[in-house]
Amino acid sequence: MAQVVWGLLFLGLMAMAHGLQKGDDLLNVCMDGKHHKYKPGQEDNLHQQCSPWKKRACCTANTSIAAHEDASHLYKFNFNHCGMLTPACKRHFVQDLCLYECSPNLGPWIQPVNSSWRKERVLNIPLCKEDCNMWWEDCKTSYTCKENWHKGWNWSSGINECPVKAACHPFSFYFPTPTSLCENIWSRSYNASHSYGRGSGKCIQMWFDPAQGNPNEAVAKFYANSSAPDIFSWGCSFPFLTLLLPLLLRA
């Protein structure tokens, strides 16, 4: 009996270790994208809005500079397709791009994708409600012609232009709520968080003060460790061990 219990205990501990390792694999990683580095590292010269990630970044200094330019070499994307965005609005798109290119804390939301220009994307990042609301407030008077900016553009000129018959309207026409903006504009890259705000430890901040540390590290760890349990995860192994321990003590 004792040998059986000890054997089960060993298997349980191995399963727990595997589950913890599985969670760690989602931390401090770079996605397999068009401009991402293979692994994160220090980048002392990150440009302006991308600088909060300089201690551990998935982007280079050149990528960070291009992230601030309209129709840059990164993706040839013209944010001003319906006239100039207001400066307050544009800075949110720059910050969004800095997060996408530079953050090493998006592992729990990285998914494989069949694309000619990248092998992975992010999906359903829980964006803090303040970040989503501010993005919408600062952009609602700027103009666009589409609610999904991932696809459907006219690229015949080499940069994105509005499709035929797609009329330019204020953002509030295509995005009547903050949730519609954050979730639709990049094909569900973000999931607008209604319950969690900055400092909750359960949503990703697009904006943060690097002097106070990167709050997204703890958020990534939380979701990596609470990902859907399987037979090898901590979530399944720990209850198994608590049931096994009394048997071990009586053996």
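Just so it is clear, the values below take in all heavy atoms, side chains as well, and ignore hydrogens, waters and symmetry mates.
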In Å, rounded to the nearest 0.5 Å, how long is the span from [atom1] of [X] to [atom2] of [Y]?
| X | Y | atom1 | atom2 | result |
| --- | --- | --- | --- | --- |
| Thr60 | His47 | OG1 | NE2 | 12.5 Å |
| Lys34 | Thr63 | NZ | OG1 | 11.0 Å |
| Ser187 | Asn148 | OG | CG | 3.5 Å |
| Ser172 | Tyr143 | OG | OH | 8.5 Å |
| Glu183 | Asn124 | CD | CG | 7.5 Å |
| Leu99 | Ile204 | CG | CD1 | 7.0 Å |

Any side-chain heavy atom of [X] sitting closer than 4.5 Å to one from [Y]?
| X | Y | value |
| --- | --- | --- |
| Leu26 | Ile110 | no |
| Ile65 | Gln48 | no |
| Lys129 | Tyr196 | no |
| Pro170 | Thr141 | no |
| Thr86 | Asp138 | no |
| Asp32 | Tyr38 | no |
| Trp186 | His150 | yes |
| Pro163 | Lys146 | yes |

Is the number of heavy atoms from other residues, nucleotides or ligands under 6.0 Å of [X] [atom1] greater than 12?
| X | atom1 | answer |
| --- | --- | --- |
| Lys37 | NZ | yes |
| Lys90 | NZ | yes |
| Lys76 | NZ | no |

**Message:** Is there a side-chain contact (heavy atoms from CB on, under 4.5 Å) between Gln205 and Asn216? Walk through the geometry before answering.
**Reply:** CA-CA 7 Å; Gln205 293 183 207; Asn216 296 331; 3.8 Å; yes
**Message:** side-chain hydrogen bond (donor to acceptor under 3.5 Å, both in side chains) for Glu161 and Ser157? Distances and angles first, verdict last.
**Reply:** CA-CA 8 Å; Glu161 296 179 344; Ser157 67; 3.1 Å; yes
Can you name the closest pair of heavy atoms from [X] and [Y] and give their distance?
| X | Y | value |
| --- | --- | --- |
| Val29 | Gly107 | CG2-CA, 3.7 Å |
| Thr179 | His194 | OG1-CE1, 2.8 Å |
| Gly213 | Phe208 | O-CD1, 3.8 Å |
| Leu106 | Met31 | CD1-CE, 4.2 Å |

**Request:** Would you tell me whether Cys132 and Cys182 have their SG atoms within less than 2.5 Å of each other?
**Result:** yes
**Under-2.5 Å SG separation for cysteines Cys30, Cys58** = yes
**Same apolar cluster: Val122 and Trp207, side chain cutoff 4.5 Å** = yes
**Prompt:** When hydrophobic residues are tied together by side-chain contacts of less than 4.5 Å, even through go-betweens, does Leu123 share a cluster with Ile125?
**Reply:** no
**Request:** Show your reasoning for whether side-chain contact (heavy atoms from CB on, under 4.5 Å) applies to His35 and Leu74.
**Result:** CA-CA 7 Å; His35 302 288; Leu74 294 182; 3.6 Å; yes
**Request:** Please step through side-chain hydrogen bond (donor to acceptor under 3.5 Å, both in side chains) for the pair His169 and Thr144, ending with a clear verdict.
**Result:** CA-CA 6 Å; His169 292 288; Thr144 185; over 6 Å; no
**Request:** Assess whether side-chain contact (heavy atoms from CB on, under 4.5 Å) is satisfied between Met84 and Phe79, documenting all intermediate values.
**Result:** CA-CA 8 Å; Met84 297 292 291; Phe79 290 99; over 6 Å; no
**Message:** Between Asn154 and Ser156, is the side-chain hydrogen bond (donor to acceptor under 3.5 Å, both in side chains) condition met? List the steps.
**Reply:** CA-CA 6 Å; Asn154 174 7; Ser156 59; 2.8 Å; yes
**Cys59: which of Cys98, Cys102, Cys50 passes disulfide bond (SG atoms under 2.5 Å apart)** = Cys102
**Request:** Output every pair passing side-chain hydrogen bond (donor to acceptor under 3.5 Å, both in side chains) with a member in residues 98-109, not counting sequence neighbours, ordered by first then second residue.
**Result:** Tyr75-Glu101, Tyr100-Arg118, Asn105-Asn214
**Message:** Before we go on, tell me: are the rings of Phe171 and Phe173 under 6.0 Å apart, centre to centre?
**Reply:**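 No, they do not, as the ring centres are separated by 6.0 Å or more.
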**Message:** Please tell me whether Trp136 and His92 form a close aromatic pair, meaning their ring centres lie under 6.0 Å apart.
**Reply:**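 Between His92 and Trp136, which both carry aromatic rings, the centre distance is not below 6.0 Å.
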**Item:** Criterion ring pair (Phe, Tyr, Trp, His ring centres under 6.0 Å) against Trp149, the qualifying member of Phe93, Tyr174, Phe175
**Value:**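 Single pass found, and it is Phe93.
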**Message:** Taking the basic N atoms (NZ, or NE/NH1/NH2) and the acidic carboxylate oxygens, is any pair closer than 4.0 Å for Arg198 and Asp131?
**Reply:**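 Between Asp131 and Arg198 there is a salt bridge, with a charged N closer than 4.0 Å to a carboxylate O.
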**Message:** Tell me whether Arg56 is salt-bridged to Glu43, with the criterion being a basic N under 4.0 Å from an acidic carboxylate O.
**Reply:** no
**Request:** List the steps and the verdict of disulfide bond (SG atoms under 2.5 Å apart) for Cys82 and Cys162.
**Result:** CA-CA 8 Å; Cys82 281; Cys162 293; 3.7 Å; no
**Request:** Test Tyr190 against Met206 for side-chain contact (heavy atoms from CB on, under 4.5 Å), laying out the working first.
**Result:** CA-CA 11 Å; Tyr190 295 112; Met206 195 180 292; 3.7 Å; yes
**Request:** Please step through disulfide bond (SG atoms under 2.5 Å apart) for the pair Cys168 and Cys145, ending with a clear verdict.
**Result:** CA-CA 4 Å; Cys168 292; Cys145 59; 5.1 Å; no
**Message:** When you measure from the side chain of Ser142 to the backbone of Leu85, do you find a donor-acceptor pair of N or O atoms at a distance under 3.5 Å?
**Reply:** no
**Message:** Quick one, Asp96 with Trp135, criterion side-chain hydrogen bond (donor to acceptor under 3.5 Å, both in side chains). Give me CA distance, side-chain angles, the key distance, then yes/no.
**Reply:** CA-CA 10 Å; Asp96 160 57; Trp135 194 353; over 6 Å; no
